[in-house]
Amino acid sequence: MGDNNQAHLKKVLSKWDLLSIGIGAVVGWSWIIYAGIWSSAPGSMGGVIAFVLGGILCSFLGLVYAELTSAMPKAGGDMIFVFEGLGQGWSFIASICITMAFVGLIAVETIMLPVILDALGIPIAKAFELFTFMGESVYLSYILLSVAVNAFFAYLNYRGVALSGI
């Protein structure tokens with residue numbers, strides 16, 4: 001069978017779009033969430049060293065992903081890389097692990113987004129306390145705000161990557 005039966009992805013993002021999305025993904029919220037812990041426990045220099053080492057390690061990982069993506073230009077990322085290298089069984093296990101990691105990330109962001117906005121001086125209504133997690137109260141209003149923000153990003157992804165580039 002020829003290459004005619006395969007679906008192709010549209011290349012709608014420019015190099016600058018990819019760079020800005022990549023920088024946004026790398027910087028993200030993590031510097032706000034973890035900066036306090038990294039800079040206070042090991043001291044200022046320990047925090048600097050942690051960020052520098054983390055950046056170097058992430059750069060190596062980025063180079064690996066760049067090579068794999070150019071070698072296997074298919075939608076699916078990690079799942080495709082594991083499938084091609086180790087087969088269907090390991091790809092299934094890797095996909096489950098990736099899904100669990102993303103669900104965990106969404107849970108952390110759901111709890112932290114309103115806390116961070118409140119710390120930045122943007123008041124968030126604290127209505128209907130549900131439980132306390134690691135010393136932070138989780139309110140229903142926090143969860144509803146976070147679900148709305150996550151729904152917005154889900155909508156952006158559903159509409160296509162070109163909208164994210166804007």
Side-chain angles (χ1 to χ4, degrees), residues 1-117 120 134 146-166:
M1 287 183 30
D3 201 34
N4 296 336
N5 292 340
Q6 293 184 356
H8 294 283
L9 300 174
K10 295 179 185 177
K11 295 183 180 182
V12 297
L13 296 176
S14 70
K15 290 179 182 178
W16 291 109
D17 292 336
L18 291 172
L19 180 66
S20 64
I21 290 172
I23 289 173
V26 168
V27 173
W29 282 100
S30 62
W31 69 273
I32 296 173
I33 295 171
Y34 298 116
I37 297 167
W38 286 0
S39 62
S40 63
S44 297
M45 192 46 120
V48 170
I49 292 170
F51 273 103
V52 169
L53 288 176
I56 291 169
L57 293 174
C58 287
S59 297
F60 290 136
L61 187 63
L63 291 171
V64 169
Y65 270 75
E67 288 297 321
L68 287 171
T69 302
S70 64
M72 295 175 249
K74 299 176 182 173
D78 300 317
M79 183 187 69
I80 295 297
F81 304 152
V82 176
F83 179 79
E84 293 291 335
L86 300 174
Q88 184 176 1
W90 286 108
S91 177
F92 178 76
I93 292 169
S95 299
I96 295 290
C97 292
I98 292 164
T99 300
M100 289 171 52
F102 281 130
V103 167
L105 177 66
I106 290 171
V108 168
E109 288 179 352
T110 298
I111 293 170
M112 291 306 295
L113 175 65
V115 172
I116 292 167
L117 291 176
L120 291 172
M134 295 185 70
S146 297
V147 166
V149 170
N150 283 315
F152 171 72
F153 284 111
Y155 173 75
L156 283 180
N157 286 317
Y158 176 75
R159 293 289 300 163
V161 74
L163 191 58
S164 296
I166 294 170

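Residues take their numbers from the sequence shown, with the count starting at 1. Because the structure is predicted, anything quoted here is derived from the model rather than measured.
T99 is linked by a side chain to side chain contact (heavy atoms under 4.5 Å, CB included) to V103, counting only residues two or more places apart in sequence or in another chain. Judged as a side chain to side chain donor-acceptor pair (under 3.5 Å), and not counting sequence neighbours, S70 has no contacts. Residues passing the side chain to side chain contact (heavy atoms under 4.5 Å, CB included) test with V64, sequence neighbours excluded: L68.
Here ring pair (Phe, Tyr, Trp, His ring centres under 6.0 Å) pairs that include residues 56-85, with residues two or more places apart or in two chains, are Y65-F81. The ring pair (Phe, Tyr, Trp, His ring centres under 6.0 Å) contacts involving residues 88-110 comprise nothing, where partners must be two or more places apart or lie in separate chains.
When all heavy atoms of M79 and S91 are compared, the pair lying nearest together is O-OG, 3.1 Å.
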Only distances under 3.5 Å count here; give the side-chain donor-acceptor pairs of residues 45-57 to other protein atoms, sequence neighbours excluded, each with its distance to 0.1 Å.
none

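To the nearest 0.5 Å, the span separating CD1 on I80 from OG1 on T69 amounts to 11.0 Å.
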